[in-house]
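For reference, the structure is listed below as structure tokens.
Atoms within each ligand, like the ligands themselves, are counted from 1 in listed order. Index from 1, following the sequence. Side chains are part of it too, since the values below use all heavy atoms of this structure and drop only hydrogens, waters and symmetry mates.
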Amino acid sequence: MFARYSSSLTRSAAQSYRRFQSTLVVAEHNNDTLNAATASAVTAAKKLGGDVTVLVVGTKVGPVSEAAAKLDGVAKVLVAEGDAFKGLLAESVTPLVVATQEQFKFTHILAGATAFGKAVLPRIAAKLDVSPISDIIGVQSADTFVRTIYAGNAIQTLKSKDPVKVITVRGTNFEPAASAGSGAAVEKAPAGDFASKTTEFVSQELTKSDRPSLTAAKIIISGGRGMKSGDNFKMLYDLADKWGAAVGASRAAVDAGYVPNDLQIGQTGKIVAPELYVAIGISGAIQHLAGMKDSKTIVAINKDPEAPIFQVSDYGLVADLFKAVPEINEKC
Ligand SMILES: Cc1cc2nc3c(=O)[nH]c(=O)nc-3n(C[C@H](O)[C@H](O)[C@H](O)COP(=O)(O)OP(=O)(O)OC[C@H]3O[C@@H](n4cnc5c(N)ncnc54)[C@H](O)[C@@H]3O)c2cc1C
């Protein structure tokens, strides 16, 4: 009798524990500003229905942790600051997140599906012995998520039975949380020796640009192999400067050395969904469409009327880009 009573007690305690969701969002930043992907991950976290904590880690996190504390829906910010986190290496961020998880027992751990999130979260999942869930585009419930597969050609709804859900979030599908909160409590994350013994951050080369970043831009002008050379991209940069747009590219244009590879849009590049996407001299291969077909309006300029890009474009111009683009540049 007693045994039955105590086991039902334990079961109901476990059930109510399971019902209480709490989510950790691992923030991404450059010491000055919080990445927009983090604000989108907070929006996804809010849909899970529990408390949202943001972990800000880095060498200098003051301004960024303040920004994280103001994000709408954030209940707490944990900060970890130190030289060990130079370059935000996955090898040093992971043991910190695992130590944080040991202390707070979150039900969900989220980050943006950026190069940072993609490097760190699967490593955390392996350490926690759960299966990571990549690049979600929707939250149906605390254990059921939507993501795309086969280069965006099928939508998969998956239910996770893991005790902790480790998830990367596709930023274009979640409006970034507004900076409207009253300021969440800021506390210290667990301390420890998190310096990586195996890797070291040496240096970075960032592409300098005054144009908006690709993933945040409302307008993107993209060039493909049809541009023929890197010099010809000047036409696109001129147009982008007039329109306040970002410039992107196909993988063929990147592989040919016309532009650096952080401009690549597609399955193996960036996923974007601006208001307006202009594809110039791009055929519309499935791997390119995977990165841009959720754009609100798509315009294509291509001299080949059979190019697959015309199947997804709202407006298409069958023309030689070397005539059409200078003409647009003159008129706009
Ligand atoms: C595993 C894998 C991952 C990949 N990931 C990506 C990815 O992330 N992003 C990506 O983009 N690709 C990716 N690719 C490559 C993809 O398959 C295509 O090869 C690539 O997108 C083609 O780029 P493109 O359209 O610029 O070149 P092309 O297919 O060569 O098309 C060039 C287009 O320009 C047009 N054109 C030429 N001259 C002119 C002119 N004067 N005026 C007007 N139009 C002109 C042509 O008619 C043609 O349609 C991937 C491939 C693989 C196998």
Over 60° means perpendicular and under 30° means parallel, so classify the ring planes of H108 and F145, tilted if in between.
perpendicular
Distance-only side-chain donor-acceptor flag, D143 / S141, under 3.5 Å:
yes
Under the 3.5 angstrom rule, does the side chain of T100 hit a backbone N or O of L96 as a donor-acceptor pair?
yes
My understanding is that only residues two or more places apart in sequence, or in another chain, count here; which of them pass salt bridge (charged side-chain N to carboxylate O under 4.0 Å, His left out) with K47?
none
Residue shell around ligand 1, heavy atom under 4.0 angstrom
G224, R225, G226, K228, S250, R251, A252, Q264, I265, G266, Q267, T268, G269, G281, I282, S283, A285, Q287, H288, N302, K303, D304, A319, D320, L321, F322
Using a strict cut-off of less than 4.0 Å between a Lys/Arg side-chain nitrogen and an Asp/Glu carboxylate oxygen, indicate whether R123 and E91 qualify as a salt bridge.
yes
Do D135 and K118 sit within salt-bridge range, that is, some charged N less than 4.0 Å from a carboxylate O?
no
